[in-house]
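Computed from a predicted model, the values in this text were never measured in an experiment. Order of the sequence lines sets the chain letters (A, B, ...), proteins ahead of strands, with each chain counted from 1. Only heavy atoms go into these numbers, but all of them, side chains included; no hydrogens, no water, no symmetry mates.
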Protein chains: 2
Amino acid sequence: MAHDDTHADTAAPDLLLGRIRDIPDFPRPGILFKDITPLLNDRTALAATVAGLAAPFRDAGVDHVVGLEARGFIFGAPVALELGAGFVPARKAGKLPASVIDQPYDLEYGTATVEIHADAITEGSRVLIVDDVLATGGTGRAAVDLVRKAGGTVVGFSVLMELTALHGREKLSDVEPHALLSV
Amino acid sequence: MAHDDTHADTAAPDLLLGRIRDIPDFPRPGILFKDITPLLNDRTALAATVAGLAAPFRDAGVDHVVGLEARGFIFGAPVALELGAGFVPARKAGKLPASVIDQPYDLEYGTATVEIHADAITEGSRVLIVDDVLATGGTGRAAVDLVRKAGGTVVGFSVLMELTALHGREKLSDVEPHALLSV
């Protein structure tokens with residue numbers, strides 16, 4: 001398949017998949033972790049990923065790209081630059097210094113919270129959310145709800161990789177996530 | 001001063017400084033925190049920052065850009081793309097899934113550790129380290145030592161903002177940090 005390193009409309013799936021490695025028992029016994037660091041380390045795969053994450057949203061009038069801490073920062077900032085949008089970090093509780101709005105979500109054991117600055121997204125802003133992986137969809141769902149609570153319109157949810165066995169897409173059916181890879 | 005949004009050799013300092021705000025008493029009473037999120041949220045300032053961080057290293061043959069968790073990821077990945085280099089996340093202890101090499105450093109109270117994957121940087125690789133702020137230089141010093149321990153050559157250390165009162169530059173005199181702003 002012909003592709004261009006930086007402006008492909010679709011990233012070549014084999015190129016990307018070949019740069020993701022399985023790490024058994026991380027972060028806990030029984031979990032097979034998908035490690036994307038070899039992809040980040042390959043300039044061609046990195047550029048293709050950013051181009052692929054941005055491609056469906058080039059004409060969507062994106063004002064802000066929200067990236068989810070921490071790996072979502074790695075893709076979110078370049079996607080924002082690619083789309084000519086501002087970048088908004090969505091962080092874990094207590095990391096942002098000014099007034100925040102927050103959204104709690106359930107973890108396997110307990111709850112967590114995702115936050116953005118209260119003034120980061122203005123009423124009517126068009127927002128693309130970017131992350132590395134769509135797993136159970138808990139964080140993603142919280143991010144979508146958070147952006148809407150701030151007055152933004154979610155125009156898309158773009159991830160490198162969807163772990164289909166975890167059914168996160170069902171929690172995000174209203175935003176129809178865009179995934180470069182499904183594993 | 002004339003400048004181009006994405007390929008300026010130097011970012012316009014006033015544009016960037018005007019997008020950084022002071023937050024008193026964060027993360028602790030008595031600390032005046034420099035919040036860069038307004039800069040990230042401004043697409044012109046974000047593009048100028050990335051261009052300015054990369055500019056001195058365009059002809060340095062950079063193989064890898066190391067970004068320091070978490071705000072260093074936001075600038076590090078786009079700088080890697082700009083320079084045609086791979087991106088290597090340097091993370092806090094326990095976050096990276098495969099074999100790591102690590103470097104401890106002192107905090108005000110206690111110690112912390114920065115890690116990269118053991119296979120991320122190969123012998124002789126030319127490495128640019130990127131972060132948002134140079135403060136006391138503790139993390140930066142650890143990152144430089146870590147890259148060298150991995151066999152890499154540090155060709156530069158590039159930050160948006162240097163807090164001169166904290167004298168971090170003295171700890172990094174061997175790499176002569178490049179800072180877009182000194183405050």
Task: Check: A/G86 main-chain N/O paired with B/R43 side-chain donor or acceptor under 3.5 Å - done: no

- [ ] Please answer: with hydrophobic residues joined when any side-chain heavy atoms are less than 4.5 Å apart, are B/L39 and B/V50 in the same cluster?
- [x] yes

Task: Steps toward side chain to side chain contact (heavy atoms under 4.5 Å, CB included) verdict (A/V88, B/T37) - done: CA-CA 7 Å; A/V88 175; B/T37 61; over 6 Å; no

Task: Pick from A/G84, A/G67, A/G72 with the largest number of heavy-atom pairs that fall under 4.5 Å of chain B - done: A/G84

Task: Pairwise side-chain contact, B/R71 with A/R91, heavy-atom cut-off 4.5 Å (strictly under) - done: yes

- [ ] Would you give the length of the straight line joining atom CG of B/D35 to atom CG of A/L96, rounded to the nearest 0.5 angstrom?
- [x] 7.5 Å

Task: Those residues of residues 153-172 of chain B, ordered by number, that approach chain A below 4.5 Å (heavy atom to heavy atom) - done: none

Task: A/V65, part contacting chain B, at a heavy-atom distance under 4.5 Å - done: neither

Task: Contact winner vs chain B - A/G76, A/P38, A/A98, heavy-atom pairs under 4.5 Å - done: A/A98

Task: Interface moiety of B/P89 toward chain A, non-hydrogen atoms closer than 4.5 Å - done: side chain

Task: Segment of B/F87 engaging chain A (4.5 angstrom heavy-atom cut-off) - done: both

Task: Options B/A45, B/A120, B/A80, ranked by heavy-atom pairs under 4.5 Å with chain A, top entry - done: B/A120

TODO: Considering only heavy atoms and a distance below 4.5 Å, find which of B/L83, B/D42, B/I74, B/I121 pairs most often with chain A.
DONE: B/I74

- [ ] Identify the two heavy atoms, one from A/I23 and one from B/P97, that lie closest to each other, and give their separation to 0.1 Å.
- [x] CG2-O, 3.4 Å

- [ ] Would you indicate whether A/D174, at its atom CG, is surrounded by more than 12 heavy atoms from other residues, nucleotides or ligands within a distance under 6.0 Å?
- [x] yes

Open item on the list: Let me confirm one number: the CZ-CZ distance from B/F75 to A/F73, rounded to the nearest 0.5 Å.
Closed with: 11.0 Å

